[in-house]
Every structure is written in structure tokens, then in C-alpha cells.
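Predicted model, so just to flag it, every value in this text is computed and none were measured.
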Amino acid sequence: MLIDMALTQLPIPSIELGSPGTFRDPKIGLAEAGPFDLRFGATRKKEMRVGLVGNADMLQKAQQWLDQCRAPIPSDIKDSTQYLDFPGFNEAFHTSLIFDRQWQAEINNGMLEAFLKKDPKSRFEAVLDMYADGVERLADNTNIRPDIVLCCLPNDVVQTCWSISKSLTSRQRRLIKIRQANREQGQLSLFQDIEENEDDLLNRDFRRALKARTMKFHMPIQIGTRNLFEDQDTNQDPATRAWNMSVGLYYKGGGIPWRFKADGPETCFVGISFHHLRTPSKHLVYSSLAQAFSSRGEGFALRGEAIPWDANQKRNVHLTVEQSVKLADQILQEYRDGIGGNPQRVVLHKTSRFDEAEKEGFRHGFRDIPIVELINIMPTQFRLLTYGSYPPRRGTLCTVNKTTTYLFTTGYMPEWRTYPGPHIPAPVKLVSDDDVDMHQVASDILGLARMNWNTASMSSAHPVTLFFSRRVGGIMAEVGPNRKPHPSFRYYM
């Protein structure tokens, strides 16, 4: 059987920064043109105020590192287009990096050491309380609040508190089975008294828990460890660390480093993923969403309704028509709140196929939007081998038998004259039942991969819609079901 294969090399979408023109590499763009929000003129931030929470030793290390980042930092890796000198925070972002004693909350080291000797659960909660209380004190600053708080974790906190897991008892497992059987038989209301009151998450992560706890103070945070502040044999060189940290600080503190240049009508890109919430008394699945829209490059996150977990579903979780309609309404409302009107185009990304109920619900919910596209971005075992030393170029679009489309979001990068990955690059499979232009779909995905403001690297492989929706779910689980999560991406990165 003959296979009809067509290969197209898509250009990697450029990004817009502070001055007219576009760039491929955000580092070069920031050094030459400054951040995108320079275009906002007098309304942009001229100072980036950084608060610090930690014990005395970590506060000192953080201050020394931030002071170092004010000035240029040469790269340790010479003659490389991938590793560039850091020009200094003020030079790169046209904004003064400020940290002052009034924005420092020192944690008592003796109390911290005492808490670290407790059992895992008590230790986790006590240290979490200490850092959350420190962020709250800075957020309540009666003079001038910091724009972002850097939470400085010593090694012993990272090693002993970073994650905690709790196993179900035999009784708890038995209760869950009884609840599931009663739900299937429609008898759940008769057995409400068997549910235990304990709703602790079975698996917790310190980073997620701290971000969720401090969200209510309307204060974005960033985690800092000795791996960031100090030169070590196992971490990145100082210039690379400065680039990556500074981009994250600038965005979380209220700035917009860059945006990708999107052609066509104003579009709201939506990523849908499902997050499992497990406690000793229940197992639910939440749909968590991450949106990126092209008007200013801002993003927002929403939590959908909970779906009771059914073991027969395995990974095949879907929304009902009503849940899909409700999510569509939430998306448009949040978009209108941020932009001031409806988008002209909505593109939904999902790693599993849209079933008929989801198609019906989303099309009804977005019925007033001129263009609606449902796109599946799915993993695949498909590979391409090329002659020579390197794999296919990033941006290669492969169409097989005019029906199946694969996109290489990683691969050889001519800008760096190398492939920066550790293994043979795997493309994603693009699927849609709509009559869509797959070249445009693929270009959008490549552009959205440029919107990861946790790094200054240009090699990110995943579109922000799906990359952040996975991370958002874990933090939303820590927020809890009775509190509305803040929609801004700044609280989740």
C-alpha cells in the first residue's frame, strides 16, 4: 500500500516586544527592544518591588542574588546562540528592580527547625503556615505593597516538606466502594451519613499549597531555593538563571514580557484538561481550563464543575452538554471582563477527543461567536527520520494520506544550529471534525508555545493552553471547593 506523505516547513511564529518589529528569540528581543508593555507608555510599571520571606540566611542569599541580577551577568557558555549574556534586569525590562527591608518577613529559624522535627503532616502544615503568614504580612503593608513575593526555601524545607502523601485506610477504601455502588443504584441520599468528615488531599505539593494559600491575599509568589541563588555544579549558569527568574518575576509582578503575533480575527484560545481530586472520602474529577488570548497576551484560569469519578472511565473523562454550556459561558464572561467584548474566534484545545455531548454543549455555548474550532492535540508514536545528524526541524507539518496531520513542536532549531532535546522528537497529532485550515491550527500551536513566561528559552514545546491547564488543576485542588480561585495566570505560574 502506497503512503501519500506531504511535508511542510512552517515558520516559527515571531514575538512582539517593546518596539516595532518582531523577534524569534525573547532574550535578543528583550535586550534590543525591551518588554512588550513599553508600548503602553505612561501606564506601565516603572518599578518592580520584590518582597522576601525566609529565614535570615536565605534572605541574605536572595538579596545578594537580586543585587547581582541588577547588573549584567556574562554567560559561562561562550560562542553559543542558545546561551546569551544577561544584560541586567533594569536594562532588559526598562524597570527598576527594588527590594527593601520593609518588604521582608523573616522566619524565626529556631521555630522553623522545631517544626521540621514534627511528623510529616504536622511539619508540612506548620511550615506552610509560616510562609503563608509571611506573605500575608507583606500583602498587608500599610505603606506600599510589593508587586511579588519571593519565598526563599532552605534545603531542609525542600528536602522534608516538598511533598506529602497519605494512604487510604482499609475502612476508607471500603466506604468509597460503598458510595460508588450506591451512586450507581441511585441510593446515595440514603447513605450520606457514611461519609467521613476528613477531606484532606491524599497527595500534596508544597509549591501548589503555598500558591493556593497566598492567592487570597492577591499576592503572586515565586519560589526561590539555593539552587537559584547560588552557583552549584548541578544547576544552570548564572546568566541563564537570571534570564529565567527575571522573566517570571516581571510577568507575575504585573508586566507583559512579550506576546506572539497572531494573524486573523481576535481569538480566545482555550485549553481543557481534567484534574483528579482525591481525599479519603471521595474521588472527583474537575475540568480545569487555561486560556490565552491575543489582544494583550494575558491569560486566565477557570475551574469547571466536579464530575464523580467512575473507575470504568479510566482516562476517558467527558463533560455533559450542560457542563460544556456552563463552561462556555464562564469563558466568555471572563474574556469580556478582561477585554471588554466577545472574541471573534474561539479555539478549544484538548488532548482527548471531544464526544458528541461536548460538541453540542460548546457549540451552543459559543453560538454567538462567528468562528468556533474544536482541536485535539494528541500524543503519538509517529516518528520521522532524516538524512544527516539531526531530526526534523521544529515546525515540520506532516500530512499522511491527506487525512492525518502531525506537527513537530520540537526538533532541530536552525537558530541554535542544534536540537536541544534528549531523545528523538515526537510530534503531536492534530485532529478536528471541523473544516479548519491545519496550517493555521499548527501555526497557532507553535505561537502559543512561545507564551511560557516561566522561562526565557525559545524551545518550549507545549502550547500554553494545555501546559498551564495541567498545572492549574493541582493548585485549584488546594484552593478547595468552597472558594473561587483567582482567574489570573500570575497566581499559578
Side-chain angles (χ1 to χ4, degrees), residues 13-51 66-67 69-72 86-100 102-103 138-139 141 143-150 217-222 242-262 266 291-301 334-341 447-448 450-456 458 464 468 486-493:
S14 298
I15 56 175
E16 296 180 308
L17 287 108
S19 62
T22 59
F23 295 83
R24 300 287 293 276
D25 191 327
K27 296 177 183 177
I28 295 176
L30 287 168
E32 295 184 3
F36 176 78
D37 56 14
L38 277 179
R39 304 185 183 204
F40 298 169
T43 62
R44 69 178 296 271
K45 301 178 77 67
K46 303 298 192 301
E47 297 178 343
M48 189 60 61
R49 301 183 294 269
V50 181
L66 290 174
D67 190 53
C69 290
R70 284 170 162 168
F86 180 64
F89 189 94
N90 296 10
E91 182 69 22
F93 297 96
H94 299 246
T95 301
S96 298
L97 183 63
I98 300 176
F99 46 96
D100 190 271
Q102 67 173 316
W103 303 318
L138 298 183
N141 193 311
N143 296 318
I144 302 176
R145 282 167 45 109
D147 299 302
I148 181 173
V149 172
L150 188 58
F217 310 138
H218 298 278
M219 178 60 67
I221 67 168
Q222 185 150 325
W243 272 117
N244 293 337
M245 182 207 71
S246 297
V247 169
L249 278 181
Y250 189 75
Y251 172 66
K252 293 177 187 179
I256 301 177
W258 62 80
R259 73 172 186 180
F260 88 91
K261 183 175 176 58
E266 183 65 36
Q291 283 77 21
F293 41 83
S294 61
S295 61
R296 291 182 55 183
E298 179 60 279
F300 58 92
E334 197 64 46
Y335 190 93
R336 286 191 292 266
D337 290 345
I339 301 300
L448 290 167
R450 312 299 308 274
M451 302 306 291
N452 180 2
W453 290 315
N454 261 338
T455 175
M458 60 183 293
V464 65
F468 278 113
H486 198 289
S488 175
F489 269 3
R490 290 182 169 86
Y491 297 95
Y492 299 91
M493 289 180 56

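- The side-chain heavy atoms of R145 and M219, taken from C-beta on, include a pair separated by under 4.5 Å.
- Using a 4.5 Å heavy-atom cutoff, the side chains of F489 and Y251 are in contact.
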Could you give me the CA-CA distance, side-chain angles and deciding distance for L97 and L66, then say whether side chain to side chain contact (heavy atoms under 4.5 Å, CB included) is met?
CA-CA 8 Å; L97 183 63; L66 290 174; 4.3 Å; yes
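- Ring planes of F93 and F89: tilted class, angle from 30 to 60°.
- Ring geometry for H486 against Y491 counts as tilted: the plane angle lies between 30° and 60°, on a 0 to 90° scale.
- Looking only at side-chain heavy atoms (C-beta outward), F23 and W258 stay at 4.5 Å or farther from each other.
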Report the C-alpha separation of M245 and C69 in whole Å, then their side-chain angles, then the decisive distance to 0.1 Å, and conclude whether the side chain to side chain contact (heavy atoms under 4.5 Å, CB included) test is met.
CA-CA 9 Å; M245 182 207 71; C69 290; 3.9 Å; yes
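- A 4.5 Å side-chain heavy-atom check between L249 and Q222 finds at least one atom pair inside the cut-off.
- Within the structure, every pair that satisfies the side chain to side chain donor-acceptor pair (under 3.5 Å) test and touches residues 16-26, not counting sequence neighbours, is listed here: E16-R259, R24-E415.
- With sequence neighbours excluded, the residues forming a salt bridge (Lys or Arg N to Asp or Glu O under 4.0 Å) with D147 are K45, R49, listed by chain and number.
- Of all non-hydrogen atoms in P257 and G255, the two that sit nearest each other are CD-O, 3.8 Å.
- Tested against P35, the residues I256, L17, L30 include a single side-chain contact (heavy atoms from CB on, under 4.5 Å) partner, L30.
- A donor-acceptor contact shorter than 3.5 Å is absent between the side chain of R450 and the backbone of S14.
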For H94 and L38, run side chain to side chain contact (heavy atoms under 4.5 Å, CB included): C-alpha distance rounded to whole Å, both residues' side-chain angles, the deciding distance at 0.1 Å, then the answer.
CA-CA 8 Å; H94 299 246; L38 277 179; 3.9 Å; yes
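- Put simply, the side chain of V247 does not reach to within 4.5 Å of the side chain of N454, judged on heavy atoms.
- Judged purely by atom type and a 3.5 angstrom limit, S96 has no side-chain atom pairing as donor or acceptor with the backbone of I98.
- Residues R70 and F99 form a side-chain contact, since some pair of their non-hydrogen atoms from C-beta on lies under 4.5 Å apart.
- Inter-residue side-chain proximity for W243 and P87 is flagged as met; some heavy-atom pair is nearer than 4.5 Å.
- When all heavy atoms of G341 and Y335 are compared, the closest pair comes out as O-CD2, 3.1 Å.
- A donor-acceptor pair is defined here as one N or O able to donate and one able to accept, closer than 3.5 Å; no such pair exists between the side chain of D37 and the backbone of R44.
- How far CG of L138 is from CD1 of I221: 11.5 Å, rounded to the nearest 0.5 Å.
- For F86 against A71, the heavy-atom pair with the smallest separation is CD2-O, 4.2 Å.
- For the pair W103 (side chain) and I144 (backbone), a donor-acceptor distance under 3.5 Å is present.
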